[in-house]
Amino acid sequence: MDGAARRIDLPVDTLDHATAAAEAARLSAEIERANRAYYQEDAPEISDADYDALLARLAAIEARFPDLATAASPTRRVGAAAAAGFREVVHARPMLSLDNAMSDGEVREFAARVRRFLSLADDAALPLTSEAKIDGLSLSLRYEGGALVSAATRGDGSRGEDVTANARTIADIPHRLPAGAPAVLEVRGEVYLGWEDFTALNAAQEAQGQKRFVNPRNAAAGSLRQLDPAVTANRPLRFLAHGWGEVSAPLADTQYGFMMALKALGFPVSDTLVQVEGEEQAIAHWAALLARRPSLGFDIDGVVHKVDRLDWQERLGFVARSPRWAIAHKFPPEQALTRLVAIDIQVGRTGALTPVARLAPISVGGVVVTNATLHNEDEIARKDLRVGDLVLVQRAGDVIPQVLCHRTPEAEHAALPTFAFPDHCPECGSLATREPGEAVRRCTGGLTCPAQRLERLKHFVSRRAVDIEGLGGERLAAFIALGWLERPGDLYRLPERETEIAALDGWGRQSAAKLAIAIAARREVPLDRLLFALGIRHVGEVTARDLARAVGDWPALAALLDALVAHDPAPAEGETPERHAKRVGAELAAMVGVAGIGPEVATALRDFWAEPHNRETVADLLGFVTPLPARIETRESPVAGKTLVFTGTLETMSRDEAKAAAERLGARVAGSVSAKTDLVIAGRDAGSKLRKATELGLEVIDETAWRAILAAV
DNA sequence: AGCCCTCGAGTTCC
DNA sequence: CTCGAGGGCT
């Protein structure tokens with residue numbers, strides 16, 4: 001940003017035509033350069049604010065001298081593209097990630113899990129497919145009536161970026177499918193760059209005085225996310241299909257058959273794809289590909305094994321964000337030795353003091369690593385890490401660097417001082433303590449600690465919480481320093497200061513207006529997100545969602561919280577404080593009555609609400625924000641919203657499968673029978689739970705009736 | 001009481 | 001992604 005922001009701009013209306021033309025040319029060049037840095041190298045050279053300022057200045061000049069506004073001007077091209085940006089695409093079927101296996105043993109466990117879930121014998125045949133896992137980026141191609149209509153990146157799995165124009169420039173991707181293709185077909189695969197093409201691309205980049213790409217994966221990512229498809233067209237990107245999303249008519253009844261059908265339709269399919277009889281052959285294939293890795297010509301980071309039968313895939317379904325019927329069998333990660341230069345302490349939003357290793361820069365698996373988390377004080381002690389040590393570093397799952405151990409010669413290591421973990425917060429100086437039995441040491445400063453205050457606000461605006469765009473850590477910190485921001489409600493007061501913000505260093509009128517819009521867009525927030533955003537201890541995304549769905553809306557939640565605070569029984573005769581806390585915790589959990597919320601979480605909820613300061617913060621926030629009632633799944637099934645209990649042995653499906661099926665139908669599955677149970681499914685040899693259900697007069701059905709419910713939906 | 005699984009919290013790279 | 005903790009099952 002050198003010069004750009006500091007340059008003193010003359011008012012546009014005082015410029016003569018020649019000066020304006022010169023400045024417009026200079027601005028255009030500067031914007032083009034920034035564009036290249038941002039889009040092609042994924043390495044922005046100037047801040048968004050500075051970029052906005054350049055663009056705004058150029059637009060102002062062009063507005064006064066329209067003849068300077070050529071068709072090629074960045075205000076046209078970038079402006080148009082930026083307005084559209086990359087459109088968001090909602091995936092018809094979510095794009096999931098895969099569970100990882102780091103060893104042969106974990107692949108065998110995967111196979112055992114699958115057999116158990118399907119109620120197969122331990123030695124039953126389990127046909128799998130196995131193929132190399134390419135280190136590129138996932139792409140979903142949607143064809144309607146045989147024509148490519150959209151191409152989207154994975155994004156967060158449910159929503160990705162529309163890169164259709166760029167995908168059309170990739171030679172491996174068919175624009176039209178032959179007759180006979182399904183009316184709707186979503187093909188998923190990987191976009192990547194081969195080693196030779198990567199080397200050539202970097203040579204070309206260097207020849208043009210541009211930055212080299214770090215690795216083929218980043219180069220492919222940067223190339224696909226070009227705003228100008230012409231640039232993508234010049235990059236030799238390749239594509240390999242490995243799966244599918246929505247399909248109007250099934251193409252086969254096995255994974256392998258489906259992939260062959262895609263091949264017949266013109267999609268490139270990996271020549272490493274094979275059908276195997278079971279996990280042992282899959283493991284052998286993994287070993288063979290590890291040996292072939294150096295001669296493949298492109299990066300792979302493991303092998304993917306999938307259950308071949310599609311009817312089994314369907315039964316297995318999904319857990320959290322990954323399918324139960326596939327596993328990524330990773331290759332051993334690359335390791336490297338480097339020097340531990342320092343250990344810094346970071347303070348998180350809960351006050352947790354986290355040690356971070358500062359490392360002498362070292363290339364591991366194609367990326368230069370300089371930092372790595374050390375988790376906590378015990379971890380440092382366990383590995384006996386000392387500043388000055390030579391340490392072994394690897395990138396776990398090829399992403400996050402970790403320090404494995406030190407490899408310093410003993411005499412040298414012994415001479416280094418042991419690391420003394422601070423007992424005071426490095427940010428605010430407050431005492432930092434450890435709860436008995438806990439691994440983390442926490443700053444006790446609470447909101448008086450500037451680090452905690454900032455981290456809590458960062459959490460509030462983060463994508464998974466309230467999701468206010470354009471507010472990063474630095475901007476938040478600046479607002480806090482100005483005294484404009486202390487608690488979440490203050491965020492909604494920022495738009496009142498729009499003109500003041502526009503005048504700040506690094507801001508412009510456009511960026512300030514954009515911020516005001518982003519904030520205004522979040523005056524209605526789904527209750528679950530809002531609850532998560534409050535940052536109550538132990539209440540993360542999932543718990544917040546479960547709780548919000550259970551209570552429904554904000555008044556109901558507030559009533560529950562009030563009731564928790566009101567529940568304050570005195571200790572019984574001779575009851576120790578620990579026992580008392582435990583008993584009350586259990587009582588609170590029972591009051592909440594939501595699966596997954598036990599004594600600890602219930603107590604955290606009460607403690608949060610018992611704090612007058614927190615209630616004020618929430619009241620202040622609700623002056624601006626309307627919580628949207630959590631939408632309750634009202635699926636068309638007879639068990640939606642009901643609590644089910646399975647008992648006895650099910651003959652045709654495992655307990656896990658039954659539970660997953662019930663949850664798909666919107667039911668909740670509990671472990672024990674109580675008055676809250678709506679329906680009991682009794683299998684063979686049902687015992688005490690069935691007796692209790694009969695005593696309580698609950699509805700009880702057998703497995704046949706249960707299957708009928710499943711079949712009816 | 002002990003085990004397994006899920007969830008929460010913190011972090012890295014770009 | 002990993003580790004630790006909480007919750008629920010056996």
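Side chains are part of it too, since the values below use all heavy atoms of this structure and drop only hydrogens, waters and symmetry mates. Convention: sequence-line order gives letters A, B, ...; per-chain numbering from 1.
- A/K330 has its NZ atom 14 Å from the C1' atom of C/dT2, to the nearest Å.
- Out of C/dG7, B/dC7, B/dT12, the shortest distance to the side chain of A/N371 is found at B/dT12.
- For the pair A/R537 CZ and C/dG6 P, the computed distance is 8 Å after rounding to whole Å.
- Residues meeting the side chain to side chain donor-acceptor pair (under 3.5 Å) test with A/D423, sequence neighbours left out: none.
- Residues A/A465 and A/F460 share a closest heavy-atom pair of CB-O, 3.4 Å.
- Picking from B/dC13, B/dG8, B/dG10 the nucleotide with the shortest atom distance to the side chain of A/T370 gives B/dC13.
- Atom CD of A/E106 and atom P of B/dC5 are 12 Å apart (whole Å).
- Residue A/T354 places none of its side-chain N or O atoms closer than 4.0 Å to OP1 or OP2 of B/dG10.
- The number of heavy atoms from other shown groups lying within 6.0 Å of NZ (A/K582) does not exceed 12.
- Here A/Q346 does not reach the OP1 or OP2 of B/dG10: none of its side-chain N or O atoms lies under 4.0 Å away.
- As a whole-Å value, the separation of A/L353 CG from B/dT11 C1' is 15 Å.
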Pick out the pairs of N or O atoms, protein on one side and nucleotides 3-5 of chain C on the other, that lie under 3.5 Å.
from: C/dA5; atom 1: OP1; to: A/G437; atom 2: O; distance (Å): 3.2
from: C/dA5; atom 1: OP1; to: A/A439; atom 2: N; distance (Å): 3.0

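- Sparse packing is recorded around CZ of A/R579, with 12 or fewer heavy atoms of other residues, nucleotides or ligands lying under 6.0 Å away.
- The distance from atom CD1 of A/I597 to atom P of C/dG7 is 9 Å, rounded to the nearest whole Å.
- Between the P atom of C/dC1 and the CG atom of A/L374 lies a distance of 20 Å, rounded to the nearest Å.
- Every ring pair (Phe, Tyr, Trp, His ring centres under 6.0 Å) that A/H459 has, sequence neighbours left out, goes to A/F532.
- Remark: A/R545 does not engage A/E541 in a salt bridge, criterion side-chain N to carboxylate O under 4.0 Å.
- Between the P atom of B/dG8 and the CZ atom of A/F532 lies a distance of 8 Å, rounded to the nearest Å.
- For B/dA9, the OP1/OP2 oxygens have a side-chain nitrogen or oxygen of A/R349 closer than 4.0 Å.
- Two residues, A/G540 and A/V347, neighbour DNA chain B, and the one matched to the more 5' nucleotide by heavy-atom proximity is A/G540.
- The 12-atom threshold is not exceeded at CD of A/E469, counting heavy atoms of other residues, nucleotides or ligands nearer than 6.0 Å.
- If you take CG of A/D135 and C1' of B/dC14, they are 14 Å apart, rounded to a whole angstrom.
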